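By convention in this document, chain letters (A, B, ...) are assigned in the order of the sequence lines, proteins followed by strands, and residues within each chain are numbered from 1. Keep in mind that this is a model prediction, so the values were computed, not measured.
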Amino acid sequence: MSALLQVSGLFAGYGQVEVLHDLTLEVPTGSVVAIIGPNGAGKTTLLKALAGLLPARGQMALDGMPLAGLSVEARLSHGVSLVPETRELFGDMSVADNLALGGFRHRRDRAGLARDLQAAFARFPRLAERRAQYASSLSGGERQMLALARAMMSRPRLLLLDEPSLGLAPLIVRQVLEDVAGLREQGISVLLVEQNARAALKIADLAYVLEGGRITASGPADTVAQSPRVMESYLG
Amino acid sequence: MNGMIAALLAQDALTSGAIYALLAISLVMVFSTTRILLIPQGEIVSLSALTLASLEAGHVPGTLWLLGLGGLVVAGLQALSGQIRGAVLWLAIPGAIIAATRLLAAHDLGAAGRMTLTLAICAPLSVIMYRLAFRPLARAPTLVLLIVAMAVHVLLTGFSLMVFGPEGFRTRPLLPGTITVAGMPLRLQALVIIGTAAVLLTAMALYFGRTLGGKALRATASNATGARLVGIRPEAAGEVAFLLAGLIGCISGMLISSMTTIYFDTGFMIGLKGFMAAIMAGLGSYPLAAAGAVLIGGIESYASFYASAFKDVIVFALIIPVLIWRNMIDSRNRDEEEE
């Protein structure tokens, strides 16, 4: 398996505060890679740096193409799409409008956009039911679905998912993570940051443990899940 | 006051209300997408009115200097950042507009020709203003943007005085004369203004409600980070907002230039009233801004009948209760959000 995303020697942070120190990781094409770790380990910082929302130093390449220095919008046009923990939906716009805007970069391909919108509604029937509702009126789970579906509308090659299960009921967590696992079949690679380590390791192919801004363990997800230290710290 | 006078005042109220509404919605649009309080919008109004008056008199309007110099600087900046295609466009388009104006100014172009030319000269000024004064500061605090907006306003007023002088100008109405409806005289130009404003407001509503481009502007206003995440560049959104504001400002200027004498600094007063309407809407809601504008037009019109010397005092004194009312609504909304 070749690597879709290759990161090496990555440093990133907020202003003077460096959060990530010399990070190296890979996302193989068509795989789900989980990043687990405690609060404040730098998981969200990593995703923001990869998406271009935060300045970073070091090598980042998508399919061999360097990403460093590119804007959020430019990275998106190369297929890197972030679903942030804060979702960043358009609260005072309808579900259908949120989705349509997700496909903004394909705006000249009207027929394709309409097809993508139908596909999104087919995949998330709940969103179809609520298509005319304001995004701000949705429940937590529905918002998460909408954020995921909106990111899918950009036809990403690499989806960066930050805490998709945050604040969701256990039943919905399973549903959301099944949706994420389903992305693999569509050829989309996923970098998944998740507090719920057990659930994340279940669907992931590879896993990295991020602690204090450094990677402390990595490997196939089931191996990582078996390691005594991870079991003790994160799977309790 | 008898019924006839009341009706005439209502006609005035709607006419100025229509213009204020156009300005108010452009201010709301620009503020919500870029956080810039577009004080110089009033100058776009007066510059286009004066340009039209100048063309009517068969002169070459001085606004061409602004277009030419501005275009040149934008082209230079584009060339410096390696965007050769953009640089060429920014040389070619203003160049073509200037050449056409110089060729045609001495001829009688008819009202439609003069208006088209005025629009071509003045609407790009708004985009030039964005490119030169605001885009480099896109991430600056709102207060800095406000001060820059003030500076641009002063600069444009000064420029206007320099090229058009201190005298006032007035243009010929598109439709002169009056018609009598149910015993009441209606100025045809007032109908032109109200009708044009209605068409423009409807077009804006359709643009924001139905097209992906319009929704992208709303998305930037709603959540700037979210907009970037779906690939909407904030600079592109800002540029579209300024272009639309420029078009609306120009059309407003051309419409009122036959109703009232326009001086180099008239735009500020008109812009300020549009700004009050925008404030009434909390700089966020288009329908509220339009309604506020009609209300201001009404107050102004009736105030000018009862106490014409105090007309502006009365209108601007109103800003205080309006701000108190807004503050009450906004703090209630904040409380609800926190719950």
Strictly less than 4.5 Å between heavy atoms, which residues of [range] line up against chain B? Please order them by number.
| range | result |
| --- | --- |
| residues 38-66 of chain A | L53(A) |
| residues 88-102 of chain A | E88(A), L89(A), F90(A), G91(A), D92(A), M93(A), D97(A), A100(A), L101(A), G102(A) |
| residues 107-119 of chain A | R107(A), L113(A) |

Let me see the working for R150(A) and V230(B) under side-chain contact (heavy atoms from CB on, under 4.5 Å), right down to the final yes or no. CA-CA 8 Å; R150(A) 187 181 70 175; V230(B) 299; 3.7 Å; yes

Count the heavy atoms of every other residue, nucleotide or ligand shown that sit under 6.0 Å from CZ of F11(A), and state whether that count exceeds 12.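 It does: F11(A) CZ has more than 12 such atoms within range.
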
Quick one: salt bridge (Lys or Arg N to Asp or Glu O under 4.0 Å) pairs with a partner in residues 125-135 of chain B, sequence neighbours left out?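 Residue pairs with at least one partner in residues 125-135 of chain B: R131(B)-E239(B), R135(B)-E239(B).
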
Distance, nearest 0.5 Å, that separates CZ of R233(B) from OG of S77(A):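 Going from CZ on R233(B) over to OG on S77(A), the span is 10.5 Å.
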
Contact between P84(A) and L229(B) at the side-chain level, heavy atoms closer than 4.5 Å - yes or no?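 Yes; the side chains approach each other to less than 4.5 Å.
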
Given heavy-atom pairs under 4.5 angstrom as the criterion, report whether the side chain, backbone, both or neither of A227(B) touches chain A.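 Both the backbone and the side chain of A227(B) come within 4.5 Å of chain A.
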
